[in-house]
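By convention in this document, chain letters (A, B, ...) are assigned in the order of the sequence lines, proteins followed by strands, and residues within each chain are numbered from 1. Computed from a predicted model, the values in this text were never measured in an experiment.
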Amino acid sequence: MPSVPADVPAIRSALLDWYDAHARALAWRHGPGSTARPDPYRVWLSEVMLQQTTTPHATPYFLAFTARWPTVSDLAAAEDADVMAAWAGLGYYARARNLLACARAVAGEHEGVFPDTEAALLALPGVGAYTAAAVASIAFDRAANVVDGNVERVMARLCAVETPLPAAKPELKSLAASLVGDHRPGDWAQALMDLGATVCRPGKPLCEVCPLTAWCAGFRTGAPERYPLKTKKADRPRRSGVAWVLRDDLGRVALVRRPDKGLLGGMLGLPTSDWSAAPDAAPPVVAEWREAGAIEHVFTHFALTLSVQAAEGEGDFVWVEPQEALKALPTVFRKALERGLA
DNA sequence: TACTCGTGGCT
DNA sequence: TAGCCAAGAGT
């Protein structure tokens, strides 16, 4: 078990100084050391959007959501379909369902005001250990232990942790906890994450500009990029199926609302076969189907080839104008629809 | 605990 | 190009 970093006050001071000079300007962030109290709604919304999602990808969604729903009460009053459509393309759609559930819990059970403790935040839908700690520290100035993938990597390098992920998670969290303090908790959390994102990067870390090299055991090994160690992941299987692009005499596209649970849950989608079926699976309605090609899409745990067939016809579907459908669909269906319309 | 759950950019 | 990776949560 690696020891707690020596000289905690010096490490904290060095990183906070670095943050004051190098903090990134982000849509949801006030300047470092700002006395303006961040809006908990915006902090929470940004943290949910940033779960497993890059800043460039999340930023336009954050701007669109805050423009359309300026407060948590506005979001709580939104239609489910509008929120799911606005989330389309961002991925991990359970986040959008939980986002609405959380907004409605805050509006209905907390009088529209976000709770200001880590424990109370943790009880909200879609708010886990990371997000509860992040909102508590950034929005409410609580000394919470904010641990994401960046922080895990920084700790693994700083302390040269030889245990591979994911088994090392408790150890890395404990190391991060030893550095948390009451001074500028929100800035501390963001400084650690910014350092991981821009300096202590997964590949080719920029140790020459890092404020922590004096204390970094990984740096002293000469190969800091080796950390954190990881156990090998299983190979990604390949699946296939058929997607059907059916258009009525007005040119509208036939869509289906997917069940709330499971892949792409709660989202609109094209009618498809099972994604293990042979390409001759039975179409949803009788029509003169023609081959329109195929699309590839890679999910987290499998790769998918969808053969696309197109036809004109009628049936019991959600009929949507093609331009609207393209905006409201998850990427895999957007790709298939574009192929079917071509 | 281990698996499910998206997407796009980078190497 | 095929894998890696990103401010994780729910089950």
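- Tested against A:Phe333 for a side-chain contact (heavy atoms from CB on, under 4.5 Å), the candidates A:Val245, A:Ile295, A:Leu255, A:Thr272 yield a single pass: A:Thr272.
- Taking atom CE of A:Met49 as the reference point, atom C1' of C:dA6 lies 16 Å away to the nearest angstrom.
- Applying the 4.0 Å criterion to OP1 and OP2 of B:dC10, one finds that A:Lys204 has every side-chain N and O outside that range.
- The separation between A:Arg236 atom CZ and C:dA2 atom C1' is 9 Å, rounded to whole Å.
- Comparing the P positions of C:dA7 and B:dC10 gives a spacing of 14 Å, expressed to the nearest Å.
- Backbone-only contact: A:Val332 has heavy atoms under 4.0 Å from sugar-phosphate atoms and none from a base.
- The phosphate of C:dG8 (OP1 or OP2) has a side-chain N or O of A:Gln52 nearer than 4.0 angstrom.
- For C:dA7, its base never sits under 3.5 Å from the side chain of A:Arg153 at any donor and acceptor pair.
- Contact annotation: side chain of A:Tyr130 to base of C:dG8, donor-acceptor pair absent below 3.5 Å.
- Taking atom C1' on both B:dG6 and C:dA6, the two are 12 Å apart, rounded to the nearest angstrom.
- In this model, the phosphate group of C:dA6 is not approached by any side-chain N or O of A:Tyr92 to a distance below 4.0 Å at OP1 or OP2.
- Note: NE2 (A:His57) to C1' (B:dG8) measures 7 Å, nearest angstrom.
- Comment: A:Glu296 engages A:Arg238 in a salt bridge, judged by a side-chain N to carboxylate O separation of less than 4.0 angstrom.
- Not a single donor-acceptor contact under 3.5 angstrom links the side-chain atoms of A:Thr131 to the base of C:dG8.
- When heavy atoms are screened at a 4.0 angstrom cut-off, A:Ala189 is found touching no nucleic acid atom at all.
- For the side-chain contact (heavy atoms from CB on, under 4.5 Å) criterion with A:Tyr227, the lone passing option out of A:Leu165, A:Thr221, A:Val154 is A:Thr221.
- In this structure, A:His301 reaches the B:dC5 phosphate: one of its side-chain N or O atoms is under 4.0 Å from OP1 or OP2.
- Judged purely by atom type and a 3.5 angstrom limit, A:Asn145 uses its side chain to pair as donor or acceptor with the backbone of A:Lys173.
- One finds a side-chain N or O of A:Thr331 lying less than 4.0 angstrom from the OP1 or OP2 phosphate oxygen of B:dT7.
- Comparing the C1' positions of C:dC5 and B:dC5 gives a spacing of 16 Å, expressed to the nearest Å.
- Between the side chain of A:Thr53 and the base of B:dG8, no donor-acceptor pair of N or O atoms lies under 3.5 Å.
- Here A:Phe302 and A:Phe299 bring their ring centres to under 6.0 angstrom of each other.
- Atom CZ in A:Arg334 sits about 11 Å away from atom C1' in B:dG8, given to the nearest Å.
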